[in-house]
Amino acid sequence: MNRCFARSIAGFNVNKVCKLSCISFCTLIESSKIDDPIEVIKPPKDDDPIVVAESPEIPIWVKISENEDDFVLPSLSYWIDNYKRNEAKGYDETTISNKSDIDAKKITKVLRERFESLDSVVQALNDSRVTPSESLVAQMLKRFDNNWKSAYGVFIWAESHMGAKFSPAMYDVLIDCLGKSKKFDLMWEVVKQMVDIGENYVTINTMAKVIRRLGKAGMHEDSIDAFRRIEEFGVKRDLLTLNVVIDSLAKEKNVERANDIYLEFKDEIPPNSHTFNSLMHGWSKARQLGKVQTTMDEMREHGICPDVISYTTLIEAYCCEKDFRKVDLLLEEMQEKGCPPNIITYTIVMHALGKSKEIDKALKVYDKMKARGCVLDTSFYSSLIYILSKAGRLKDAREVFDEMPERGIKRDTQTYNTMITSVCKHTQEEEALKLLREMETKGVNPDFDTYAPLLKMCCKLKRMKVLSFLLTHMSDNNVSVGLGTYSLLVRGLCMNGKLKHACSFLEDAVMKGFIPYDTMFKMVETELEKEGMSEEKKRIQELKLIQPNTC
């Protein structure tokens with residue numbers, strides 16, 4: 001890959017989608033499955049098609065739109081256009097009264113650039129003339145937690161200026177960020193730095209983040225080794241840390257190794273209910289129903305009575321097998337043993353029935369809960385909304401959503417995510433964006449699961465101006481743009497004929513240091529080949545040769 005080509009694609013900004021005419025793929029002719037799953041009990045994602053019960057006529061102003069890229073729904077244009085104008089003002093101090101907001105905008109603008117090394121990040125931050133603070137760094141670590149170079153750079157820059165070490169909690173955030181980006185050598189360097197600081201900087205929380213990030217990366221033996229060596233870092237190897245590694249292995253689909261660790265240490269560190277519940281959950285995820293029951297029996301042999309979590313885990317295992325007769329028997333057994341089902345138990349059962357299209361039975365669970373005096377919570381309502389939406393009863397789902405405040409139930413991020421996902425699946429663009437705006441006015445923080453269905457819908461509808469707005473909105477709400485976001489955008493745009501934009505996002509992902517999935521390259525290459533764009537296909541193939549800078 002020559003340097004000229006690398007320079008030609010270096011200036012693309014994901015937040016300026018509408019200004020693609022000057023990028024290297026400007027000559028392209030325009031002609032879902034998402035890698036990172038969206039979890040909304042969050043109700044599990046279900047890809048089954050939804051039968052739409054209500055299908056309002058498409059408004060005339062949608063039908064006559066001449067420019068799909070710049071089109072914005074009239075009812076939302078004021079919000080979106082003014083939001084973009086405010087973004088364009090940058091950090092003009094006449095428009096922003098809060099100095100911390102000014103600094104955050106300045107640093108965000110700096111960190112959105114591409115950098116060759118950590119030193120170049122630090123130098124750019126030095127040139128910004130912003131005075132760092134721990135709160136500013138915490139915000140940037142969250143905003144750029146999918147971009148390790150920017151996150152680590154801002155940490156080094158701030159620490160060099162502040163004349164004091166950050167709190168252990170801040171180091172833990174950095175460790176989690178580096179682990180998320182699979183920069184494990186750097187992660188361990190930070191852990192060693194914390195050890196050198198002393199004063200009990202490394203805590204069980206620190207090592208839990210290390211163990212869990214190694215586990216999520218599939219480095220299970222490394223996570224076990226971290227547990228074995230944990231006392232080298234000043235953390236006691238006890239039941240708490242044992243449960244961390246067992247829980248991590250069980251959740252990452254290696255319950256066999258989790259069970260091995262339990263057997264190895266059970267005499268040295270006697271297990272508790274948490275230990276057995278983690279193992280039961282792991283066996284349940286592995287669809288090993290017999291071993292779930294065996295683990296519960298072993299729990300009793302250790303003199304530990306199964307609790308509501310134990311029974312709920314067993315019930316969830318039977319729900320996965322759709323053995324609802326056994327589920328009913330277990331619910332009765334819980335009552336008889338003085339361990340009544342709680343809201344989580346019932347929600348899981350109701351949700352499983354809904355996924356199995358047993359809508360009437362699912363709603364009977366709701367009646368049973370009310371009869372037994374269960375206090376309904378946000379997760380329950382989110383599940384109920386999901387079930388009704390899946391059944392095509394979007395109007396009923398919306399009524400449940402609207403009634404929540406009247407019943408004293410606060411709508412949180414999970415609730416909004418469920419509702420947004422539902423209306424997006426029904427391609428109700430206006431309702432989806434109004435829900436996002438409502439989250440903003442209500443002070444409810446969005447997360448990746450909020451934006452993913454919105455971005456996917458914009459790709460489907462070819463709403464590039466709204467897509468640009470959403471990416472800006474994500475950044476302003478400290479939701480990091482990571483490889484999962486790029487994958488969603490590349491696939492969605494490619495599938496809907498926006499090849500120029502798909503190629504641009506793929507370029508940006510590579511130049512930001514991400515390593516795109518092979519399937520992303522393959523999809524773009526296939527579509528370019530269909531359109532006879534041999535030169536553009538060759539340039540996409542050249543992107544594969546770029547090795548991310550790890551300095």
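- Checked by atom type and distance alone, the side chain of T313 never pairs as donor or acceptor with a backbone atom of H281 at under 3.5 Å.
- Here L435 contributes atom CG and T415 contributes atom OG1; the two are 11.0 Å apart, rounded to the nearest 0.5 Å.
- Considering only residues two or more places apart in sequence or on other chains, E399 meets the side chain to side chain donor-acceptor pair (under 3.5 Å) condition with none of them.
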Would F380 and I409 count as a side-chain contact (heavy atoms from CB on, under 4.5 Å) if you check the C-alpha gap in whole Å, the side-chain angles of each, and the deciding distance to 0.1 Å?
-> CA-CA 10 Å; F380 166 79; I409 307 296; over 6 Å; no
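- Nearest heavy-atom pair across Y486 and V481 is CE1-CG1, 3.9 Å.
- Taking the side chain to side chain donor-acceptor pair (under 3.5 Å) definition, one finds that S480 meets it with D145, N146, sequence neighbours left out.
- Side chain of T472 to main chain of S468: a donor-acceptor pair is present (N/O by atom type, distance under 3.5 Å, no hydrogens or angles).
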For side-chain contact (heavy atoms from CB on, under 4.5 Å), just list the numbers for E431 and M419, CA-CA rounded to whole Å, side-chain angles, deciding distance to a tenth of an Å, and then say yes or no.
-> CA-CA 10 Å; E431 284 303 308; M419 197 70 237; over 6 Å; no
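- Not counting sequence neighbours, the partners of A217 by the side-chain contact (heavy atoms from CB on, under 4.5 Å) test are K182, F184, M219.
- To the nearest 0.5 Å, atoms OG1 (T345) and CD1 (I309) are separated by 9.5 Å.
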Could you go step by step and tell me if Y416 and F401 meet the ring pair (Phe, Tyr, Trp, His ring centres under 6.0 Å) rule?
-> CA-CA 9 Å; Y416 277 100; F401 179 84; 5.3 Å; yes
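- The backbone N or O of I343 lies less than 3.5 Å from a partner atom in the side chain of T347, making a donor-acceptor pair.
- D360 CG: 12 or fewer foreign heavy atoms inside a 6.0 Å radius.
- Relative orientation of the F166 and F155 rings is tilted, given thresholds of 30° and 60° on the angle between their planes.
- Applying the ring pair (Phe, Tyr, Trp, His ring centres under 6.0 Å) rule to pairs touching residues 314-342 yields nothing, sequence neighbours excluded.
- When the salt bridge (charged side-chain N to carboxylate O under 4.0 Å, His left out) test is applied to K251, the partners found at least two apart in sequence or on another chain are D247.
- Looking at R112 and T108, their side chains come closer than 4.5 Å, going by heavy atoms from C-beta outward.
- Looking at N205 and D172, their side chains do bring a donor and an acceptor atom within 3.5 Å of each other.
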Apply side-chain contact (heavy atoms from CB on, under 4.5 Å) to the pair L136 and V130, showing each step before the final yes or no.
-> CA-CA 10 Å; L136 175 63; V130 170; 3.9 Å; yes
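- Taking OG of S284 as the reference point, atom CG of L289 lies at 8.0 Å (rounded to 0.5 Å).
- Atom-to-atom distance recorded for H351:NE2 and S356:OG is 10.0 Å, nearest 0.5 angstrom.
- Sorted by first and then second residue, the salt bridge (Lys or Arg N to Asp or Glu O under 4.0 Å) pairs with a member in residues 402-412 read R398-D402, E403-R407, R411-E438; sequence neighbours excluded.
- The backbone N or O of S379 lies less than 3.5 Å from no partner atom in the side chain of S383, so there is not a single donor-acceptor pair.
- Every residue was checked against the side chain to side chain donor-acceptor pair (under 3.5 Å) condition with S181, not counting sequence neighbours, and none meets it.
- Judged by distance alone, with hydrogens and angles left aside, the side-chain atoms of T206 form a donor-acceptor pair with the main-chain N or O of T203 at under 3.5 Å.
- Considering all non-hydrogen atoms of both residues, V466 and C458 come closest at CG1-SG, 3.6 Å.
- Residues N477 and T450 have side chains not in contact (no heavy-atom distance under 4.5 Å, counting atoms from C-beta outward).
- No donor-acceptor pair closer than 3.5 Å links the side chain of D103 to the backbone N or O of K106.
- Looking only at atom types and distance, the side chain of N243 has a donor-acceptor partner in the side chain of N272 under 3.5 Å away.
- One side chain, R491 or T519, offers a donor N or O that lies under 3.5 Å from an acceptor on the other.
- Applying the side chain to side chain donor-acceptor pair (under 3.5 Å) rule to S135 yields the partners S133; only residues at least two apart in sequence or on another chain are considered.
- In this structure, V365 and L353 approach most closely via the heavy-atom pair CG2-CD1, 3.6 Å.
- Side-chain contact check for I315 versus M334: some heavy-atom pair is nearer than 4.5 Å.
- With a 4.5 Å cut-off on side-chain heavy atoms, D508 and F514 do not count as touching.
- Residues passing the side-chain contact (heavy atoms from CB on, under 4.5 Å) test with M296, sequence neighbours excluded: M280, Q293, R300, P306, S310, Y311, L314.
- In this structure C424 satisfies the side-chain contact (heavy atoms from CB on, under 4.5 Å) test together with I420, A432, P453, L454, M457, sequence neighbours excluded.
- The NZ atom of K442 lies 12.5 Å from the CE atom of M439; values are rounded to the nearest 0.5 Å.
- The two residues E134 and S167 make their nearest non-hydrogen contact at OE2-OG, 2.9 Å.
- Proximity of a side-chain donor or acceptor of S248 to a complementary backbone N or O of V244 within less than 3.5 Å is not detected.
- With hydrogens and angles disregarded, a donor-acceptor distance shorter than 3.5 Å links the side chain of S422 to the backbone of T418.
- In this structure, the ring of Y346 has its center no less than 6.0 angstrom from the ring center of Y366.
- Atom CG in L455 sits 5.5 Å away from atom CG in L467 (nearest 0.5 Å).
- Counting all heavy atoms, side chain and backbone alike, F144 lies closest to C177 at O-SG, 4.3 Å.
- In terms of heavy atoms, S150 sits closest to L111 at OG-O, 3.4 Å.
- The neighbour count for K285 NZ, taken as heavy atoms of other residues, nucleotides or ligands under 6.0 Å away, is above 12.
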Take T485 and M474, measure what side-chain contact (heavy atoms from CB on, under 4.5 Å) needs, and give me the verdict at the end.
-> CA-CA 11 Å; T485 310; M474 283 179 70; 4.1 Å; yes
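- Within the structure, salt bridge (Lys or Arg N to Asp or Glu O under 4.0 Å) pairs that include any residue of residues 314-336 comprise R287-E321, E332-R372 (at least two apart or interchain).
- Looking only at atom types and distance, the side chain of H473 has a donor-acceptor partner in the side chain of E440 under 3.5 Å away.
- Take I359 and apply the side-chain contact (heavy atoms from CB on, under 4.5 Å) test, not counting sequence neighbours, and it matches L363, I387, A391, R393.
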